[in-house]
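Comments concern the structure below.
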Amino acid sequence: MTIRAIATTPFPGQKPGTSGLRKKVRQFREAHYLENFVQSIFDAVGNMEGATLVLGGDGRFFNRQAIQIILKMAAANNIGRVVVGQNGLLSTPAASCLIRKLAAKGGIILSASHNPGGPDEDFGIKYNSNNGGPAPESITDAIYTRTQIIDSYNILDADDIALDELGEFTLADMTVEIVDPVKEYRRLMKRLFNFKKIKKLFRNGFRLRFDAMHAITGPYAKDILERKLGAPKGTVVNYQPLEDFGGHHPDPNPVHARALFDLMFGEDAPDMGAASDGDGDRNIILGRGIYVAPSDSLAVLAANAHLAPGYENGLAGVARSMPTSGAVDRVAAEVGMPCFETPTGWKYFGNLLDAGKVSLCGEESAGTGSDHVREKDGLWAVLLWLNILAERQESIAEIMKAHWRTYGRNFYSRHDYEAVDSAVADKLMTDLRTKLEHLPGQAFSGETARTADDFSYTDPVDGSVAKNQGVRIVFESGARIVYRLSGTGTEGATLRVYLERYVVDPSEHQVETQVALERIISIADQIGGIAERTGRAEPDVVS
Ligand code: G1P
Ligand code: ZN
């Protein structure tokens, strides 16, 4: 086995986003492309000699090959030990859990989250730090800078490691340990939740459908829900991780998780429906005939978390991304705990969690999590819901109704306009920004603007500032419109418009969401000129 230093040229392409580098598989397979990025991670992070790294991915096409390359490069860069999930699999939250458990230097996670997989689809790679969370901007910037000047990388000439066998192997001087991807994660879940109570819930006939969408949560859900908690066989569907996710997008939304939505709104709906995404960090929750909006789910979890053993002493505080609805704020105010509003993206929760300022956090985009790891966690959210249901012995619809009666209902929806011409989208945002100071006091079809700004965030822990995080307009009634451009889209620009209206009167709580928001939707168009500028009469995705 010899170490080779391969000459290379700097990395083409733009700055990786907050979720690492996401590109087409085709691009990743080009000569030196993956290698350049991996070497840049090692160089930028520094002090890798003898360190322990965690490595795994969501099993999509190219996962195995990428793992072999990374292992050989890790050995050639004198890394001490790499802990890999069996068959190269680790869900994003399980990788975070392992990094923390092993006190590893960090981890490399291979995933393009909810994007489709296959030879012509997407692949991704990101680096997580020793707290188990996505690397902070200082590190991702340093990785990017390195990719722009890199001229060689190190790789070991060696045979592939068998990824399907548990145990320890050596690769030159480096140890490779292949571990059960579920074990540590299951241990953590057992500590947080009352498995006995949840078992009893299933024994008494509670019916759940968990759709793993042929992605990474399959093995986790099968093991924990069916084998450990006694949910009937068949509870977890599409549990076999496939390299192309069976040809679907592993994105748990009404379009891609259609079968689950149809089931839950159909005649023979079970008590609960849930699904997760490609890498296992997102979740959606449905009850019989009801979809729980992620912003509402966060609020319900915040109000009821104390029913689960891991949170029985209450929460230190909560956090939500700015575009997420204010439903959780109302719970925090009632309990008297702090509530933080952060920019979009999980990494902004890291400092708050590390400093013990918050125990629970979430985003409107189907992400919920807690201080148990430093990623959002799909299966964790399902287990917390199950624990709450086992304690409360009410249906999901009853819990939602009761929640809205207590706190009022924040009707909420996100409208996405995809593949918009970038210049058009930029102009729309610039024009909005120049309008902001004139908006307060202006009336629009029965709503008067109270405040208007471009969200800026100062991290309460390290004082860093994130500017231009989205234009928000709040009305006297408490209604709110937020406009921002996606940071994860791959084609043109994606304009996201977040719509919210707060309703106290319970007799209005059963209205269909889009109907409840009609006026706000039309005001959003009036102020932003969306239809006229984009030429679209309707958004591409409504969630
Ligand atoms: C989207 C979501 C955001 C999430 C991110 C990564 O980002 O809106 O909440 O953190 O994916 O999963 P966006 O495309 O809006 O920038
Ligand atoms: Zn994901």
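What's counted below: heavy atoms across the whole structure, side chains too, no hydrogens, waters or symmetry copies. Atoms within each ligand, like the ligands themselves, are counted from 1 in listed order. Quick caveat, the model's predicted, so the values are computed rather than measured.
- Counting all heavy atoms, side chain and backbone alike, Ser276 lies closest to Arg282 at OG-O, 2.7 Å.
- No option in Val541, Val542, Leu495 other than Val542 meets the side chain to side chain contact (heavy atoms under 4.5 Å, CB included) test with His415.
- Interface atoms of ligand 1 facing Lys376, defined by a heavy-atom separation under 4.0 Å, are 4 (C), 6 (C), 10 (O), 12 (O).
- For ligand 1, the polar-atom distance check finds an N/O of Ser486 within less than 3.5 Å of one of the ligand's N/O atoms.
- Atom NZ of Lys435 has more than 12 heavy atoms from other residues, nucleotides or ligands within 6.0 Å.
- Using a 4.0 Å cut-off to heavy atoms of Gly345, the atoms of ligand 1 that qualify are 10 (O).
- Against a heavy-atom cut-off of under 4.0 Å, Arg496 is close to the following atoms of ligand 1: 8 (O), 13 (P), 14 (O), 15 (O).
- On a distance-only criterion, Thr344 and ligand 1 share no N/O pair closer than 3.5 Å.
- Under the 3.5 Å distance criterion, with hydrogens and angles disregarded, a donor-acceptor pair is assigned to the side chains of Ser113 and Asp277.
- Every atom of ligand 1 is numbered from 1 in the order shown, and the set under 4.0 Å from a heavy atom of Arg414 is 8 (O).
- A 6.0 Å sphere centred on NZ of Lys228 holds more than 12 heavy atoms belonging to other residues, nucleotides or ligands.
- At least one N or O atom of Gly487 sits closer than 3.5 Å to an N or O atom of ligand 1.
- Residue Ser365 has at least one heavy-atom neighbour below 4.0 Å for each of these atoms of ligand 1: 2 (C), 3 (C), 4 (C), 8 (O), 9 (O).
- The distance from the Zn ion (ligand 2) to the nearest N/O/S atom of Ser113 is under 2.8 Å.
- Geometry note: the Zn ion (ligand 2) is the vertex, Asp277 OD2 and Asp279 OD1 are the arms, and the angle is 90° (rounded to 10 degrees).
- Between the Zn ion (ligand 2) and the N, O or S atoms of Asp281, the shortest distance is to OD1.
- Numbered from 1 in the order shown, with element, the atoms of ligand 1 that lie under 4.0 Å from a heavy atom of Arg484 read 13 (P), 15 (O), 16 (O).
- Geometrically, Arg330 engages Tyr502 in a cation-pi contact defined by less than 6.0 Å to the ring centre and at most 45° from the axis.
- Of all non-hydrogen atoms in Lys126 and Gly20, the two that sit nearest each other are CB-CA, 3.7 Å.
- Between Lys24 and Asp122 there is a salt bridge, since a side-chain N of the basic residue sits under 4.0 Å from a carboxylate O of the acidic one.
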